[in-house]
Amino acid sequence: MSIPKVIITDCDHENIDIESSILKKPFVDLELTQFINEKDIIENCKGATSLIIQYAELTDKVFSHLPDLKQVVRYGVGVNTIDIEAATKYGVQISNVPDYGTQEVSDHALAHMLNLTRKIGQMNDNVRNGIWDFTKSMPVFRHSEQTVGVIGVGRIGSAFCEKVHALGCEVLAYDPKVTDRTTRKVPDFLKMVSLEDLLKRSDVVSIHCPLETAHDLIGEKELRLMKDTAYLINVSRGGIVNELALDHALTEGWIAGAAVDVAENEPLTKEHPLFKHKNFVCTPHMAWYSEESAKELKRKVSEEVLRFLNNEQVHYPINKLY
C-alpha cells in the first residue's frame with residue numbers, strides 16, 4: 001500500500017512542527033515547499049494526494065496537470081486563490097478553516113473601532129509632539145448613543161456584534177445570506193436592514209464578509225451614503241473596499257476615518273496614497289493572529305487532511321463533489 005503524499009505548497013510560519021506531529025511518518029509523506037505560482041506547483045507537486053496551501057494559486061491548469069490530487073486545505077478562511085469550479089470538475093475536495101481566529105479578528109475590529117472613536121492614535125501623536133490638549137480630539141461621542149453597522153454576520157461578524165452590543169451600541173446588520181432569522185441563527189438584538197439603510201444610519205461600519213461575493217462592495221456610491229462623522233473598518237479581505245474611492249472619501253471628508261487590516265494588493269507600500277491621511281489606520285493583516293489561534297489553525301488544517309485520508313467526513317468542505 002502506497003503512503004499518501006501531502007505537500008504544503010507554501011506557508012510563512014516559523015515551522016511545521018504541529019503539522020508534522022499530526023501527519024506522522026511513516027503513515028504520511030509530508031513535504032514543505034515554497035511555491036505559489038501555477039508553473040512551480042505543477043512541476044513540484046506531482047504525485048500529491050493532498051495540498052495544504054496559504055497563498056498558492058490553484059487554477060484549472062494546475063488541477064488538470066495533477067491527476068493524483070484529491071484534496072486541498074487552505075490555511076485560513078478565504079479561498080479566492082482557488083478555482084473552485086475547476087476543483088469540483090476534477091474531483092478535488094476543497095476545505096478551509098473558518099473558525100480558528102473568530103475571537104481574534106472580532107477583537108481586532110473592536111480595537112480599531114475604539115482607537116478611531118476615542119481618537120487614541122491621534123491623541124498619542126499629539127502628546128508626543130508636545131500638544132496636551134483634549135479639545136483637539138473633538139468630537140468624541142458616547143458609545144451607548146452610537147449605532148454600529150455590521151456587514152456580514154457569520155462567525156466573526158456575530159462575535160463582533162456581541163462585543164459592540166456590550167458597549168451599549170445599537171447594532172444593525174446586513175447579510176444577503178440572512179433573508180430571515182430562520183436561515184441562520186443571529187443574535188436577537190440585531191436589526192437586519194438593507195446595505196443602504198445600514199450605511200446611512202451607522203456611526204461605525206465594520207466589514208465581515210467574504211471577498212468571493214463582495215468585491216468592490218464599498219465604492220464611491222456607498223461611501224457617499226455614510227455620515228461625515230462615521231468610521232469604516234475592514235478586517236475581512238482587501239478588495240471589498242475600493243481603495244481609490246476610500247482615498248477620495250477621506251480627501252473630501254465624506255467620512256471621519258477608516259481602519260483596515262487588509263489590502264487588495266499586500267503589502268501596501270509606504271507611498272500608498274491612503275497613508276497621507278492622518279485618519280487612516282492600517283495593520284499588516286494580523287487580525288487573525290494570537291499564539292493560540294496560530295496553533296489552532298495548524299492543528300485544524302492537519303486534522304482536516306487526516307480525516308480525508310482516513311475516508312472520514314471532512315469538517316469544512318467548500319465544494320460538494322457528489
Side-chain angles (χ1 to χ4, degrees), residues 77-80 98-99 101-114 116-117 143 146-165 167 169-181 183-243 245-246 249-250 254-264 280-283 285 287-288:
V77 182
V79 290
N80 52 292
D99 58 355
T102 299
Q103 296 307 319
E104 285 79 5
V105 179
S106 55
D107 283 351
H108 203 79
L110 180 62
H112 270 318
M113 170 180 151
L114 294 175
L116 289 172
T117 58
H143 287 120
Q146 298 279 279
T147 298
V148 176
V150 182
I151 300 175
V153 285
R155 293 177 180 87
I156 295 170
S158 292
F160 178 74
C161 289
E162 296 281 2
K163 289 167 185 176
V164 295
H165 178 65
L167 296 176
C169 302
E170 178 184 28
V171 189
L172 308 179
Y174 165 74
D175 191 324
K177 293 183 178 179
V178 181
T179 53
D180 58 61
R181 291 180 183 272
T183 58
R184 182 191 296 167
K185 182 175 175 56
V186 296
D188 292 338
F189 59 79
L190 276 187
K191 297 178 182 178
M192 303 300 299
V193 296
S194 68
L195 178 60
E196 180 177 343
D197 196 25
L198 182 147
L199 293 170
K200 286 180 177 179
R201 294 170 57 186
S202 298
D203 299 294
V204 175
V205 173
S206 191
I207 298 169
H208 300 279
C209 58
L211 175 63
E212 290 80 8
T213 56
H215 188 266
D216 271 353
L217 179 69
I218 305 298
E220 182 170 324
K221 174 186 173 184
E222 290 72 26
L223 290 164
R224 284 183 179 274
L225 291 174
M226 293 176 64
K227 301 176 184 179
D228 60 9
T229 54
Y231 296 99
L232 179 68
I233 297 166
N234 184 16
V235 296
S236 185
R237 282 291 181 271
I240 295 175
V241 177
N242 184 293
E243 291 169 8
L246 180 58
L250 294 175
W254 302 343
I255 62 175
V260 305
D261 185 59
V262 290
E264 183 147 28
F280 173 74
V281 179
C282 182
T283 50
H285 205 144
W288 66 273

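For the single chain, residues carry numbers from 1 onward in sequence order. Hydrogens, waters and symmetry mates play no part in the numbers below; they use all other heavy atoms, side chains included.
- Ile151 has its side chain within reach of Ile218: a pair of non-hydrogen atoms, C-beta onward, lies under 4.5 Å apart.
- Residues Leu223 and Leu232 have side chains in contact (heavy-atom distance under 4.5 Å, counting atoms from C-beta outward).
- Glu104 contributes no side-chain N or O that, together with a main-chain N or O of Ala287, makes up a donor-acceptor pair within less than 3.5 Å.
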Ile207 vs Val241, side chain to side chain contact (heavy atoms under 4.5 Å, CB included): CA-CA, chis, key distance, verdict: CA-CA 9 Å; Ile207 298 169; Val241 177; 3.4 Å; yes
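- Residues Glu264 and His215 have side chains in contact (heavy-atom distance under 4.5 Å, counting atoms from C-beta outward).
- A donor and an acceptor atom, one from each side chain of Ser206 and His112, are nowhere located under 3.5 Å apart.
- To the nearest 0.5 Å, the span separating CG on Asn80 from OG1 on Thr213 amounts to 11.0 Å.
- Side chain of Asp261 to main chain of His285: a donor-acceptor pair is present (N/O by atom type, distance under 3.5 Å, no hydrogens or angles).
- Between Glu162 and Phe189, the shortest heavy-atom distance links the atoms OE1-CE2, 3.5 Å.
- Distance alone, capped at 3.5 Å, places no donor-acceptor pair between the Gln146 side chain and the Val204 backbone.
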Under the side chain to side chain contact (heavy atoms under 4.5 Å, CB included) criterion, do Lys163 and Gln103 qualify, and how do the steps go? CA-CA 10 Å; Lys163 289 167 185 176; Gln103 296 307 319; 2.8 Å; yes
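- Between Val148 and Phe160, some side-chain heavy-atom pair lies under the 4.5 Å cut-off.
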Side chain to side chain contact (heavy atoms under 4.5 Å, CB included) evaluation trace for Leu246 with Ile255: CA-CA 9 Å; Leu246 180 58; Ile255 62 175; 3.9 Å; yes
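- Of all the heavy atoms in Gly152 and Cys209, the pair that sits closest is CA-CB, 4.4 Å.
- Pro187 and Ser158 make their closest contact through CD-OG, 4.1 Å (heavy atoms, listed as atom of the first residue, atom of the second, distance).
- Using a 4.5 Å heavy-atom threshold, the side chains of Leu110 and Leu167 count as touching.
- Within the model, atoms NZ of Lys221 and CG of Leu199 stand 10.0 Å from one another, a figure rounded to the nearest 0.5 Å.
- Contact of the Val105 side chain with the Arg155 side chain is not registered, since no non-hydrogen atoms from C-beta on lie closer than 4.5 Å.
- Counting heavy atoms from C-beta on, the side chains of Val193 and Arg201 come closer than 4.5 Å.
- Between Ser202 and Val205, the shortest heavy-atom distance links the atoms CB-CG2, 3.8 Å.
- Closest heavy-atom contact between Met113 and Cys169: CE-SG, 4.1 Å.
- Panel note: side chain Asp197, backbone Lys200; no donor-acceptor pair is recorded below 3.5 Å.
- Shown here for Val153 and Ala173, the closest heavy-atom pair between the two residues is CG1-CB, 3.7 Å.
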Any chance you could lay out the side chain to side chain contact (heavy atoms under 4.5 Å, CB included) test for Asn242 and Glu222, step after step, and finish with the verdict? CA-CA 10 Å; Asn242 184 293; Glu222 290 72 26; over 6 Å; no
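- Asp203 places a side-chain N or O within 3.5 Å of a backbone atom of Thr147 that can act as its donor or acceptor partner.
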